[in-house]
Amino acid sequence: MGNDNSSKIFEYTVDETAKSYRVKIYTLDENLEWKEKVSSFGRVEDVKGRIAISINEDQGIRVAFQYKNAVSAWASNAGLFKDITNKTKIISWVNTYDIIYEQEIPLAIQIITSLNEIRDYGVESFFDIQKLKGHDIVIAVTITFSQKGLEQILIFNKHTRTFIMALLIIALLITLYLVIMAIAFGNTHPPASPVPIN
């Protein structure tokens with residue numbers, strides 16, 4: 001992965017109850033809210049392993065998991081790096097972390113800014129977003145280990161997507177109904193006043 005600050009290798013140890021993991025890539029929007037851009041799920045194949053992360057403007061963000069007998073990897077750009085020429089860049093990496101199941105762990109935060117001065121607030125700023133305001137691009141990479149099996153997580157996400165789609169369809173139907181009613185009543189004219197006969 002190289003020796004520069006654009007890449008890092010982490011070792012982790014979990015117990016036998018760990019079943020899956022989820023890696024997420026976020027960007028910070030203008031309202032200072034994290035917006036999920038990409039996520040990836042996987043099974044925990046061994047209680048010990050390595051996570052390699054590389055953040056590169058040309059190749060995007062690459063994540064690889066190394067177990068005893070296997071390696072899985074994926075990469076994503078997702079339009080993360082736009083208009084970054086002549087801007088200052090800094091990456092903060094987590095040093096140590098405790099794995100608590102179902103809780104998100106920020107592994108890296110990258111700040112890209114046109115400001116003349118930039119401070120390294122560390123990955124703890126993932127939970128203290130105010131420290132990150134005023135920059136052009138802020139990207140975070142997190143991981144969550146779970147005691148839920150991959151099938152449970154995928155089914156839950158499928159049900160969530162189905163529920164959201166149902167709500168959107170209902171909202172669309174209500175809007176369509178209101179438009180039709182507005183048109184119908186808008187074309188209805190009150191009866192003309194009677195003309196007096198002399």
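Count residues from 1 along the sequence.
Counting heavy atoms from C-beta on, the side chains of I105 and T144 never come closer than 4.5 Å. Within the 4.5 Å cutoff, the side chain of Q110 has heavy atoms near those of the I139 side chain. The shortest side-chain heavy-atom distance between I109 and Y121 does not fall under the 4.5 Å cut-off. Residues T88 and I112 are not in side-chain contact: their nearest non-hydrogen atoms beyond the backbone lie 4.5 Å or more apart. Between S114 and D136 the shortest side-chain heavy-atom distance falls below 4.5 Å. The shortest distance between side-chain heavy atoms of V138 and W34 falls below 4.5 Å. Inter-residue side-chain proximity for I53 and V141 is flagged as met; some heavy-atom pair is nearer than 4.5 Å. In this structure, K37 and K24 have side chains that are not in contact, with every pair of non-hydrogen atoms separated by 4.5 Å or more.
Across every non-hydrogen atom of N5 and W93, the tightest pair is O-NE1, 2.7 Å. The two atoms that bring V94 and P106 nearest to each other are CB-O, 3.6 Å, heavy atoms only. Scanning both residues, S125 and L132, for their nearest heavy atoms gives OG-CD2, 3.5 Å. Of all heavy-atom pairs between T13 and I99, the closest is O-CD1, 3.7 Å. The shortest non-hydrogen separation linking F127 to E104 is CZ-O, 3.9 Å.
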* **Working for side chain to side chain contact (heavy atoms under 4.5 Å, CB included), residues L28 and I129** => CA-CA 9 Å; L28 193 64; I129 299 177; 3.4 Å; yes
* Is there a salt bridge (Lys or Arg N to Asp or Glu O under 4.0 Å) between E36 and R22 once you walk through the steps? -> CA-CA 12 Å; E36 182 180 328; R22 182 176 185 178; 3.2 Å; yes
* To do: Just do the side chain to side chain contact (heavy atoms under 4.5 Å, CB included) check on D15 and Y101 with the steps written out, would you?
  => CA-CA 10 Å; D15 60 31; Y101 298 126; 2.8 Å; yes
* Yes or no on side chain to side chain contact (heavy atoms under 4.5 Å, CB included) for L176 and L172, after CA distance, side-chain angles and deciding distance? -> CA-CA 6 Å; L176 183 61; L172 180 61; 5.6 Å; no
* Asked: Please walk me through it: do I51 and I9 pass side chain to side chain contact (heavy atoms under 4.5 Å, CB included)?
  -> CA-CA 6 Å; I51 309 167; I9 297 177; over 6 Å; no
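Atom CG of L107 and atom CZ of F10 lie 5.0 Å apart (nearest 0.5 Å). K89 contributes atom NZ, which lies 9.0 Å from atom CD1 of I137 (distance to the nearest 0.5 angstrom). Annotation: the span from I25 atom CD1 to I61 atom CD1 amounts to 4.0 Å, rounded to 0.5 Å. Considering CZ of F65 and OH of Y21, their distance stands at 4.5 Å, rounded to 0.5 Å. Taking CD1 of I55 as the start and CZ of F81 as the end, the distance is 6.5 Å to the nearest 0.5 Å. Here the CD atom belonging to E45 is positioned 11.0 Å from the NZ atom belonging to K19, to the nearest 0.5 angstrom.
Side-chain atoms of S92 do not come within 3.5 Å of backbone N or O of V123 as any donor-acceptor pair. Using a distance-only test at 3.5 Å, with no hydrogens or angles considered, a donor-acceptor pair links the side chain of D29 to the main chain of N31.
Under the 4.5 Å side-chain heavy-atom criterion for Ile, Leu, Val, Met, Phe, Trp and Tyr, L115 and I91 are members of distinct hydrophobic clusters. Follow the hydrophobic side-chain contacts under 4.5 Å out from I100 and you never reach V44; the two are in separate clusters. V71 and V47 are assigned to two separate hydrophobic clusters, defined by single-linkage of ILVMFWY side chains at heavy-atom distances under 4.5 Å.
Heavy-atom neighbours of E102 CD from other residues, nucleotides or ligands within 6.0 Å: above the threshold of 12.
Aromatic ring centres of Y26 and F126: separated by under 6.0 Å.
N56 and S6 are not linked by any side-chain donor-acceptor pair at a separation below 3.5 angstrom, with hydrogens and angles left out of the test.
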